[in-house]
Enquirer: 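Would you mind keeping the following structure in view while I ask a few things?
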Amino acid sequence: MVSEGRRSRPKTTISFPSTIFGVAVHPSKPIVATGLSTGHVFMHRYAADEDDSDNEKDSNVSSGGEVDDGTGANVRDGEFTEVDRLWRTRRHKGSCRGVAFDEGGAYLYSVGTDSVIKQASPETGKVIAKNSHDVDSIPSALTATTTHILVGTEKATLHGFDKRTMKPAYTFADLHEDYITSISHLAQYQNTYHLITTGSTTVTRIDIRKGKLSTSEDQEDEILCSCISYPPNFEYNPNEGRASNVVVPEKRAPVTAVMGMATGVLTFWMKDNWEDQQARAILSDESVDCIAEYPDQRIIAGGADGLVRLVDVRRRKAVKEFEHGGEDGVAAVASDSWGRVISAGGEAVRIWSVEDEPEEVNGGSDSHDSDADSDKSGNDDDASDDSDENKKNKKKRKKTKKRKRGNAKNRLAMNAKAPAKPNFSGLD
C-alpha cells in the first residue's frame, strides 16, 4: 500500500454539479466526455503535456488556478494541465447512463434512462442521429465498435444498432439473471462478430450472427465490470479473415479477459475458455466497480474504496495506486493516448500522470490459479428539474453501492465459514 504522504496529486481535477455516471476519453485527442445523473453531457479539452499547457492558455483561468465554466463544472488546475470546456448540454431526460466514443473517435454516443440513444459530434456536440423506440428497458451498459452501438439493459437484453442508420441490427434477450453490467467486444481477440457480456454471476459469449454461444458457470460472486487485456506489441490484422484476425507469435503472453467482482477480487479468463475463471487476485476489501485496458498488458481498476489501481495482468498484482476519494467510490476509469489515467466518481473527474506514482503496492498480491482450488453551453430547458432528480439519482446510487458492498461482505463471511458560455443551438 502506498502511504498517503507518497501519493501524488492529480494533474487536473474537474468538479461537476451532480453525480457522474459515465466517462469516455477520445482515442487520439485530449478530450473527455462526462455523463451526469441530471442527464447532462459535458465535453472538456485538457492539455496532453506541458507544451500544450504553455501554448493553450485559458483566458478564464484566475490567478488561483480556478476556472468557473458558467453553468457547469469548476475546473481546478493541477501542476500544469489546463482545461477548456468545449460544450455542455442537457442530453437526456432523466440520468445519462453511459457515454462512449466509437473506435475512431468520429462520434460520441450517449444513452439515458429515457432509453434514447444519441449520436453526436465530439467537436460541437450537435446531435447527428438518434434512436428513441427500440430499447426494451432502462440501459445499464454502453459501448461502440467500428460497425455497431451496443446497449445492455436492466432486463439483461443486448441491443445492437447499426452506426450508419441508428436502426436495430440485432437483439438478444435473457442473457443473465440480472441487468447487464458490461459489454466487451472481441474483435481483436477472435473475430469481429464475437463479444461477451457480464451480469449477475455469469459471463455470456455471443456471436452476433448466431446468438448466444455459451454461458459460464455460476461464479458465486457478482461480476460488475470487464475488459480485454492485450500483450505488448500485440499484432492485429482485420483483413486476415473471419476465422483468425490476429497474428500472435509463439511464447507470448495470452490475451486475457479481466473481470471485476463485488467481493473486491479480479478474475482472469484466458485461452478462449469462457466456462470458468482460470485465475484470481484479491485487490480490495470492497467491490471492483470499473476496469479499463491499459498498454503493455495492464489494466486500470477503480473500486468502492475510492482507490484506482494499475494492475499488471501477467503478475496479477497492483503496481501503482491513485487516491480518487469520495464516498461514492470510483464509477468509471479510462486512459488516453499519452498514457494518462482518468478516474471519475462522485462529482469529480481526475487526470493522473502514471510516471509520478511510486511503484509497487500490496493490492493483488494474493493471487492464485482458480483450478488449484476449485454547450458550449447548449440547451438547458429542463435545468430547473435537475436538483430534485439529482438527489434521487444520488440516493439510488448510494443504495446500489451499499447493496454491492453488503453482498460482498456476506459472501466473504460465507466463504470463511465455508470556458465562457457561448450561444450555441442544435445540441439536443
Side-chain angles (χ1 to χ4, degrees), residues 21-22 97-98 100 109 111-113 115-117 131 133-145 147-163 166-228 255-263 265-270 272-278 287-292 332 400 403-404 407 411:
F21 276 11
R97 282 301 183 92
Y109 297 92
V111 66
T113 53
S115 296
V116 178
I117 308 163
N131 185 298
H133 309 291
D134 298 301
V135 176
D136 68 339
S137 61
I138 294 176
S140 57
L142 171 71
T143 191
T145 71
T147 55
H148 294 91
I149 306 105
L150 308 176
V151 178
T153 73
E154 292 190 351
K155 288 187 177 180
T157 300
L158 177 70
H159 298 276
F161 297 88
D162 190 319
K163 278 176 52 178
M166 294 295 287
K167 293 182 179 180
Y170 49 83
T171 299
F172 304 109
D174 302 320
L175 297 178
H176 305 278
E177 292 184 0
D178 205 345
Y179 66 97
I180 292 177
T181 57
S182 71
I183 307 165
S184 292
H185 190 215
L186 302 178
Q188 292 179 306
Y189 189 1
Q190 294 170 318
N191 61 55
T192 58
Y193 303 106
H194 286 210
L195 53 92
I196 58 170
T197 62
T198 62
S200 187
T201 60
T202 57
V203 177
T204 296
R205 178 185 170 199
I206 297 168
D207 184 322
I208 63 173
R209 302 163 299 178
K210 303 174 183 178
K212 182 165 66 174
L213 299 179
S214 64
T215 297
S216 72
E217 296 178 5
D218 188 337
Q219 300 301 296
E220 300 181 355
D221 190 359
E222 290 178 84
I223 307 173
L224 303 179
C225 50
S226 69
C227 74
I228 309 300
V255 174
T256 304
V258 186
M259 315 287 174
M261 317 298 281
T263 54
V265 170
L266 290 178
T267 60
F268 302 88
W269 305 61
M270 299 162 284
D272 195 21
N273 184 347
W274 301 109
E275 294 182 4
D276 199 4
Q277 59 184 269
Q278 285 84 59
S287 59
V288 180
D289 295 337
C290 51
I291 56 178
T400 303
R403 177 178 66 84
K404 290 178 181 177
N407 288 342
R411 287 193 179 89

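Sequential numbering from 1 along the given sequence is applied to the chain's residues.
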Enquirer: To the nearest 0.5 Å, tell me how far I183 CD1 sits from C227 SG.
Expert: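 Result: 14.5 Å between the selected atoms.
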Enquirer: Closer than 3.5 angstrom, by distance alone: can the side chain of S140 be matched with the main-chain N or O of Y179 as a donor-acceptor pair?
Expert: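 Pair absent, no side-chain N/O of S140 close to backbone of Y179.
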Enquirer: So, T201 side chain and D218 main chain: donor-acceptor pair closer than 3.5 Å or not?
Expert: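 Side chain of T201 to backbone of D218: no pair is present.
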Enquirer: Look only at the side chain of N131 and the backbone of H133, and say whether a donor-acceptor pair between them is shorter than 3.5 Å.
Expert: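 Yes.
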Enquirer: Can a side-chain donor-acceptor contact be found between T215 and T202 if the only test is distance below 3.5 angstrom?
Expert: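 No pair is found: no donor N or O on one side chain lies under 3.5 Å from an acceptor on the other.
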Enquirer: What closest approach, in Å, do W269 and E275 show between heavy atoms, and which atom pair accounts for it?
Expert: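 Shortest heavy-atom separation between W269 and E275 comes out as CZ3-C, 4.0 Å.
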Enquirer: Rounded to the nearest 0.5 Å, how far does SG of C225 lie from CE of M259?
Expert: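 These two atoms lie 9.5 Å from each other.
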Enquirer: Roughly how far, to the nearest 0.5 Å, is the CE atom of M261 from the CD1 atom of I291?
Expert: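 Rounded to the nearest 0.5 Å, the CD1-CE separation comes out at 10.0 Å.
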Enquirer: If I take atom CD1 from residue I206 and atom NE2 from residue H185, how far apart are they, to the nearest 0.5 angstrom?
Expert: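 It comes to 11.0 Å.
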Enquirer: Could you state the interatomic distance from OG (S182) to CG (D289), rounded to the nearest 0.5 Å?
Expert: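 Those atoms lie 12.0 Å apart.
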Enquirer: Check whether any side-chain heavy atom of M166 lies under 4.5 Å from a side-chain heavy atom of I149, and answer yes or no.
Expert: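 Yes, side chains in contact.
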Enquirer: Output yes when a side-chain donor or acceptor of T181 lies under 3.5 Å from a complementary backbone atom of I223, and no otherwise.
Expert: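 Yes, T181 side chain to I223 backbone: donor-acceptor pair under 3.5 Å.
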Enquirer: Using only heavy-atom distances, determine whether the side chains of S226 and S184 contain a donor-acceptor pair under 3.5 Å.
Expert: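 Result is yes, a qualifying pair exists.
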Enquirer: Mark yes or no for whether H159, through its side chain, and P139, through its backbone, hold a donor-acceptor pair below 3.5 Å.
Expert: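 Pair absent, no side-chain N/O of H159 close to backbone of P139.
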Enquirer: Does T197 offer a backbone N or O that forms a donor-acceptor pair with the side chain of T204 under 3.5 Å?
Expert: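 It does not hold such a pair.
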Enquirer: Are L195 and L158 close enough, and set up right, to give a side-chain contact (heavy atoms from CB on, under 4.5 Å), and what steps lead you there?
Expert: CA-CA 11 Å; L195 53 92; L158 177 70; 3.7 Å; yes
Enquirer: Write down the atom of T145, the atom of K163, and the distance for their closest heavy-atom approach.
Expert: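 Distance-wise, the nearest heavy atoms are O-CD, 3.2 Å.
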Enquirer: So do the side chains of Q219 and D276 get within less than 4.5 Å of each other, counting heavy atoms only?
Expert: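 A side-chain contact under 4.5 Å exists here.
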Enquirer: Please tell me if the side chains of V111 and V135 come closer than 4.5 Å, counting only heavy atoms from C-beta onward.
Expert: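 No, every pair of side-chain atoms sits at 4.5 Å or beyond.
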Enquirer: Between K212 and F172, does a side-chain contact (heavy atoms from CB on, under 4.5 Å) hold up when you go through it step by step?
Expert: CA-CA 8 Å; K212 182 165 66 174; F172 304 109; over 6 Å; no
Enquirer: Looking at every heavy atom in both T157 and D174, which two are closest together, and how far apart are they?
Expert: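 For T157 versus D174, the nearest heavy atoms are OG1-N, 4.4 Å.
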Enquirer: So, the side chain of Q278 versus the backbone of M270: is there a donor-acceptor pair under 3.5 Å, distance only?
Expert: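 Yes.
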Enquirer: Between I196 and W274, which heavy-atom pair has the shortest distance, and what is it?
Expert: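 That would be CD1-CZ3, 3.8 Å.
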Enquirer: What pair of heavy atoms forms the shortest contact from A100 to T143, and how long is it?
Expert: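 In this case the closest contact between A100 and T143 is CB-CA, 4.3 Å.
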Enquirer: Quick one: closest heavy-atom pair of A156 and D178, and the distance?
Expert: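 Nearest pair, atom of A156 first, then D178: CB-O, 3.2 Å.
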Enquirer: Quick one: does L150's side chain get under 4.5 Å of Y170's, heavy atoms only?
Expert: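 They are in side-chain contact.
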Enquirer: With rounding to the nearest 0.5 angstrom, report the CZ to CG distance, F161 to D134.
Expert: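 It is 5.5 Å, given to the nearest 0.5 Å.
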Enquirer: Quick check against the 3.5 Å criterion: does T153 have a side-chain atom that pairs as donor or acceptor with the backbone of K155?
Expert: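 A pair under 3.5 Å: yes.
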